[in-house]
**Student:** 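Below is the structure I would like to discuss, written out as structure tokens.
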Amino acid sequence: MKLTPTQGHYQTQSPMTSAHIAQTMTLLYMTATELLQTIDVELSKNPALELINERRCPMCGRKLPPQGPCSICSQPKTLDPGETIIFISPRDDFFTYQGSSSSSLEDYPEDPFASIQLDLPTYVLQQVAPDLEVNEREIAAMILTNLNEDGFLTIEIREICRFLHTLPSKVEVVLKKIQRCDPLGVSARSVKEALLAQVEFLSETTGIPEFVRRAIKDEFELLSRHQYSELAKRLGTTVQKVKLVSHFISENLNPFPARANWGTIRNPNDSTPNVFHQPDILINYLNNKPGNPLVIEIITPSRGTLRINPLFKHAVKDQIGEKQEEWKKDIEKASLLIKCIQQRNNTMRQLMEKLVATQKSFIIHGDTYLEPLTRAQVAEELGVHESTISRAVANKTVQLPNRKIIPMAMFFDRSLSARAILRNIIANENYALNDTEIQEELENLGISVARRTVAKYRAMEGILPAHLRRIEKFATT
DNA sequence: CTATGGCACGGATT
DNA sequence: AATCCGTGCCATAG
């Protein structure tokens with residue numbers, strides 16, 4: 001692994017040991033959430049490692065103001081001068097960050113091709129409709145028309161009551177029904193409520209670890225800050241168990257019901273719930289204004305800055321014999337961890353630079369603009385091994401400016417844009433085109449795929465074959 | 001007879 | 001070495 005000359009930054013790069021490389025690799029695999037957990041583990045068992053309550057830039061180590069990125073390291077650079085701001089962002093507020101939520105979806109440029117998808121209210125309505133009493137319908141309608149883009153209810157229950165002349169208890173009933181629909185927890189009034197709704201639903205089919213409910217219900221604040229020891233105390237249990245709880249939550253629950261992956265294919269009979277982890281990368285427009293440069297925020301979890309405890313380091317000298325050896329090892333391990341985290345940040349940033357440079361229009365304009373890209377290409381351009389990129393991409397998610405959360409691997413999807421165009425062709429067809437005709441149409445647009453492949457794409461998008469579309473879309477009996 | 005889906009093969013990707 | 005993806009061939013449903 002070699003350093004690229006473009007990195008004019010200040011990391012002190014000492015020669016790498018094999019242990020260093022190995023650990024960097026494992027850290028790369030981890031999502032932000034997992035990384036936080038390993039750091040916590042390390043902190044608790046390694047006395048040489050210390051967390052100081054001070055914001056510092058993870059790249060260069062400068063002190064930072066309470067908010068915002070490092071002014072030096074976030075300078076737009078190299079590939080894309082003046083266009084993209086990219087920085088590593090230390091955060092601790094895991095379940096609560098959401099960028100600034102003021103902007104609504106309408107503000108964003110539409111993908112001219114990606115036009116046909118159900119909007120959230122319709123999609124949910126289709127699911128609840130069979131379960132609703134007649135007099136519950138208008139309540140449901142009102143709830144569903146007052147959701148924001150994350151799927152939260154933006155209106156007070158009593159307002160609904162006043163408007164529809166009904167009882168709060170009635171509204172609650174409908175609300176409960178809606179919350180059981182596909183973006184599980186949709187129509188909740190807070191992250192907390194959304195999570196609880198999801199727990200309720202899951203508990204019917206699978207087991208829920210103990211304390212999960214209580215942790216969310218009563219100690220949500222502590223939970224979202226990952227303050228395990230305090231949490232354990234309050235719940236009257238061990239830190240171990242609390243970690244299990246936290247892990248369960250991040251694996252199985254989604255704090256923002258409608259934000260995950262909305263608008264891609266969704267298969268009603270596919271039982272895997274629409275759950276994604278917290279994003280590891282946030283992409284936004286500067287000041288949330290479309291048209292502004294992109295701001296890439298790479299999340300690195302921390303409540304402060306990690307460093308080697310100077311007192312401990314000092315104390316080593318006074319120790320003798322075995323004890324000293326042991327302590328030295330601790331220091332070594334601690335500094336290794338810190339270096340590896342830096343390395344991880346560095347790799348992630350380089351990767352994102354490349355990714356944004358090539359996939360910018362995808363990020364801004366949507367699926368159809370995805371450029372074909374392989375991990376191998378990126379690896380070569382960055383001069384790192386393929387597996388490094390694979391690891392960096394695996395299991396991570398990215399939140400786009402339109403606030404959808406997508407798996408990072410989507411940047412490498414070979415057929416996404418072809419499928420998006422296919423969707424569009426079918427949306428605009430005048431009669432039900434068969435697969436061969438679609439294939440020709442795609443050929444005209446410069447996409448050559450086999451007829452058989454068209455069928456596959458169609459299936460992936462959940463689009464019916466021609467003869468069935470004829471009945472459904474064009475009522476030609 | 002035509003349109004589509006299943007299975008399996010081979011090359012690319014991870 | 002394992003997996004994914006596009007494709008061709010063939011069976012079958014309409």
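Chain letters run A, B, ... following the sequence lines, proteins first, then strands; residues in each count from 1. Keep in mind the model is a prediction, meaning the values are calculated, not measured.
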**Student:** Just to verify, what does A:Glu204 make a salt bridge (charged side-chain N to carboxylate O under 4.0 Å, His left out) with, not counting sequence neighbours?
**Tutor:**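 So A:Glu204 forms a salt bridge (charged side-chain N to carboxylate O under 4.0 Å, His left out) with A:Arg180.
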
**Student:** How bent is the helix from B:dC1-C:dG14 to B:dT14-C:dA1, measuring the angle between the end axes built from five pairs each, rounded to 10°?
**Tutor:** 10°

**Student:** Tell me, please, which residues at least two apart from A:Arg375 pass salt bridge (charged side-chain N to carboxylate O under 4.0 Å, His left out).
**Tutor:**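 Salt bridge (charged side-chain N to carboxylate O under 4.0 Å, His left out) list for A:Arg375, sorted by chain: empty.
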
**Student:** Among all residues two or more places apart in sequence or in another chain, which pass the ring-ring contact (aromatic ring centres under 6.0 Å, His included) test with A:Phe211?
**Tutor:** none

**Student:** Could I get the full list of side-chain hydrogen bond (donor to acceptor under 3.5 Å, both in side chains) partners for A:Glu441, not counting sequence neighbours?
**Tutor:**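 In terms of side-chain hydrogen bond (donor to acceptor under 3.5 Å, both in side chains), with neighbours along the sequence ignored, A:Glu441 is linked to no residue.
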
**Student:** Mind checking what makes side chain to side chain contact (heavy atoms under 4.5 Å, CB included) contact with A:Pro209, not counting sequence neighbours?
**Tutor:** A:Val212, A:Phe248

**Student:** Take atom CD of A:Gln439 and atom C1' of C:dG6, then tell me their distance rounded to the nearest Å.
**Tutor:** 13 Å

**Student:** For the residue pair A:Ser89 and A:Glu297, confirm or rule out a side-chain donor-acceptor distance under 3.5 Å.
**Tutor:** yes

**Student:** Kindly write out the residues that satisfy salt bridge (charged side-chain N to carboxylate O under 4.0 Å, His left out) with A:Arg56, not counting sequence neighbours, or none if the list is empty.
**Tutor:**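 Salt bridge (charged side-chain N to carboxylate O under 4.0 Å, His left out) check on A:Arg56 returns A:Glu54.
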
**Student:** Expressed in angstrom and rounded to an integer, what is the separation of A:Ile471 atom CD1 from B:dA3 atom P?
**Tutor:**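 Spelled out: CD1 on A:Ile471 to P on B:dA3 is 16 Å.
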
**Student:** Just by distance, with hydrogens left out, do A:Tyr228 and A:Ser246 show a side-chain donor and acceptor under 3.5 Å apart?
**Tutor:**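 Yes.
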
**Student:** Provide a list of protein-nucleic acid N or O atom pairs under 3.5 angstrom, restricted to nucleotides 12-14 of chain C.
**Tutor:**
none

**Student:** For a quick check of understanding: with a heavy-atom distance under 4.0 Å over all strands, which category does A:Ser387 fall into, base, sugar-phosphate or nothing?
**Tutor:** nothing

**Student:** In whole Å, I'd like the distance from the CG atom of A:Leu416 to the P atom of C:dC4.
**Tutor:**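 It is 18 Å, rounded to the nearest whole Å.
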
**Student:** Under 4.0 Å from OP1 or OP2 of C:dC5: is there any side-chain N or O of A:Tyr457 that close?
**Tutor:**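 For C:dC5, neither OP1 nor OP2 has a side-chain N or O of A:Tyr457 closer than 4.0 Å.
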
**Student:** Mind checking what makes side chain to side chain contact (heavy atoms under 4.5 Å, CB included) contact with A:Leu445, not counting sequence neighbours?
**Tutor:** A:Ile421, A:Ile425

**Student:** Within the 4.0 Å limit for protein heavy atoms, which parts of nucleotides 5-14 of chain B are touched? Write it as a string from 5' to 3', B for base, S for sugar-phosphate only, - for none.
**Tutor:** BBBB----SB

**Student:** If the condition is side chain to side chain contact (heavy atoms under 4.5 Å, CB included), which residues does A:Thr453 pass it with, not counting sequence neighbours?
**Tutor:**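 A:Val449, A:Ala450, A:Tyr457.
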
**Student:** Just jot down the side chain to side chain contact (heavy atoms under 4.5 Å, CB included) partners of A:Glu42, sequence neighbours excluded, or say none.
**Tutor:**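 Only A:Lys45, A:Asn46, A:Leu49, A:Lys333, A:Leu337 meet the side chain to side chain contact (heavy atoms under 4.5 Å, CB included) criterion with A:Glu42.
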
